[in-house]
Amino acid sequence: METVSETRCFDGVQGVYRHESTATGTPMRFAVYLPPQARRGPVPVLWWLSGLTCTEENFITKAGAQRYAAEHGLALVAPDTSPRGLDLPGEHDAYDFGSGAGFYVDATQAPWASHYRMDSYVTEELPALVAARFPVDPARQGIFGHSMGGHGALVMALRDPDRFRSVSAFAPIVSPTRVPWGEKAFAGYLGDDRAAWTAYDAAELAADSAWRAPILIDQGDADPFLGTQLTPEAFVSAAQAGGIPVTLRMQPGYDHSYYFIASFMADHMAHHARLLAR
Ligand SMILES: N[C@@H](CCC(=O)N[C@@H](CSC=O)C(=O)NCC(=O)O)C(=O)O
């Protein structure tokens, strides 16, 4: 692992690191914020999954989360959203597929299956690396994200309630199997058999998940993707049917941007801090 940069921030350190990933077979960059409390011992770790077109940089420069991470004593980890440095056919042709759009799945279709393994990368390889190199407490992990990253966060939490104690999302794609962004990505990465897609659909997983901690979702009502790509009520219905407590807050006038995310970051960080406290 190489250090790309380390910068003092709210008395902690915002770092960016690079390593050779075995999951993706490419170099990968990721960001880690360590709060001042990490100088005294392991702190809870909160994973952020970004949306389409993002790298590890969008969250750390736009969301304003470090102030609250320092207040609550939480580490933040933000991976990239896809492998980089490849030039697969069509990989860079669209903002919603290929580079910047890994959708947190393990692709099964050529040519993506050799490298687009963001599920394994985010749930296995990177956690092991972070636990080995940074003062974080693996027994206290939370996860949140935005849009495509909200999809990833909800899926990973619902699938693994033993690993994560808290989850929240900003404008998540809650049912990718039923909206154009998800249908395009899943057909490309997972193939035409829709039965294989449901393992990556939060609304589908909610029915049978053992997750029971409260889930917080914020959604702007002026979000141009609301209704077409984002269908938060579908998750609320599924979660309620599955016995999962979920709070969906429709935020008037807010769009899909990081201005929206920054506006409600304090609430999300407090949500996670409460659930990650000892
Ligand atoms: N057509 C737009 C779409 C890209 C976009 O809005 N990306 C969002 C995430 S959308 C769902 O995953 C984002 O977070 N962008 C980065 C940012 O810093 O705002 C476009 O190509 O711009």
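One-based numbering, in listed order, for ligands and for the atoms of each.
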For this session: Check E56, M118, R18 against M28 for a side chain to side chain contact (heavy atoms under 4.5 Å, CB included) and give me the one that passes.
Result: M118

For this session: Could you check atom 18 (O) of ligand 1 against the protein and tell me its nearest heavy-atom contact, residue, atom and distance included?
Result: K62 NZ, 2.6 Å

For this session: Among all protein heavy atoms, pick the one closest to atom 3 (C) of ligand 1 and tell me residue, atom and distance.
Result: Y95 CE1, 3.4 Å

Exercise. At under 4.0 Å between heavy atoms, which part of N58 makes contact with ligand 1: side chain, backbone, both or neither?
Worked result: side chain

Exercise. Are the aromatic rings of F97 and F186 close, with centres under 6.0 Å apart?
Worked result: no

Problem set entry | Contact check: M148 vs ligand 1, nitrogen or oxygen atoms, below 3.5 angstrom | yes

Exercise. Salt bridge or not for D119 and R159, using N-O below 4.0 Å?
Worked result: yes

Exercise. In terms of side-chain heavy atoms, does S50 have a donor or acceptor partner in H146 at a distance below 3.5 Å?
Worked result: no

For this session: Report yes or no: do V13 and L129 belong to one cluster of Ile/Leu/Val/Met/Phe/Trp/Tyr joined by side chain heavy-atom distances under 4.5 Å?
Result: no

Seminar exercise, completed: Here the atoms of ligand 1 under 4.0 Å from any heavy atom belonging to H146 are 9 (C), 14 (O)

Exercise. If you measure from each heavy atom of S257 to ligand 1, is any distance below 4.0 Å?
Worked result: no

Exercise. How far is atom 8 (C) of ligand 1 from its nearest protein heavy atom, and which residue and atom name does that atom have?
Worked result: L52 O, 3.5 Å

For this session: For side-chain contact (heavy atoms from CB on, under 4.5 Å), just list the numbers for F30 and M1, CA-CA rounded to whole Å, side-chain angles, deciding distance to a tenth of an Å, and then say yes or no.
Result: CA-CA 10 Å; F30 63 97; M1 185 184 90; 3.8 Å; yes

For this session: Considering only protein heavy atoms, determine whether one is less than 4.0 Å from atom 15 (N) of ligand 1.
Result: yes

Exercise. When you measure from atom 22 (O) of ligand 1 to every protein heavy atom, which one gives the shortest distance, and what is it?
Worked result: T53 CG2, 4.9 Å

Problem set entry | H256 neighbourhood, listing ligand 1 atoms whose heavy-atom distance to it stays under 4.0 Å | 10 (S), 11 (C)

Problem set entry | Numbered atoms of ligand 1 (with element) below 4.0 Å of G51, judged on heavy atoms | 9 (C), 12 (O)

For this session: Could you tell me whether E183 atom CD has more than 12 heavy atoms of other residues or ligands within 6.0 Å of it?
Result: yes

Exercise. Which atoms of ligand 1 have any heavy atom of C54 under 4.0 Å away?
Worked result: 13 (C), 14 (O), 15 (N), 16 (C)

Problem set entry | Identified side chain to side chain contact (heavy atoms under 4.5 Å, CB included) counterpart of T24 within the set P83, S114, S120 | P83

Exercise. Between E2 and R29, is there a side-chain N and carboxylate O pair less than 4.0 Å apart?
Worked result: no

Exercise. Based purely on interatomic distance, does S147 place a nitrogen or oxygen under 3.5 Å from a nitrogen or oxygen of ligand 1?
Worked result: yes

Exercise. Is W181 in polar range of ligand 1, meaning some N or O pair under 3.5 Å apart?
Worked result: no

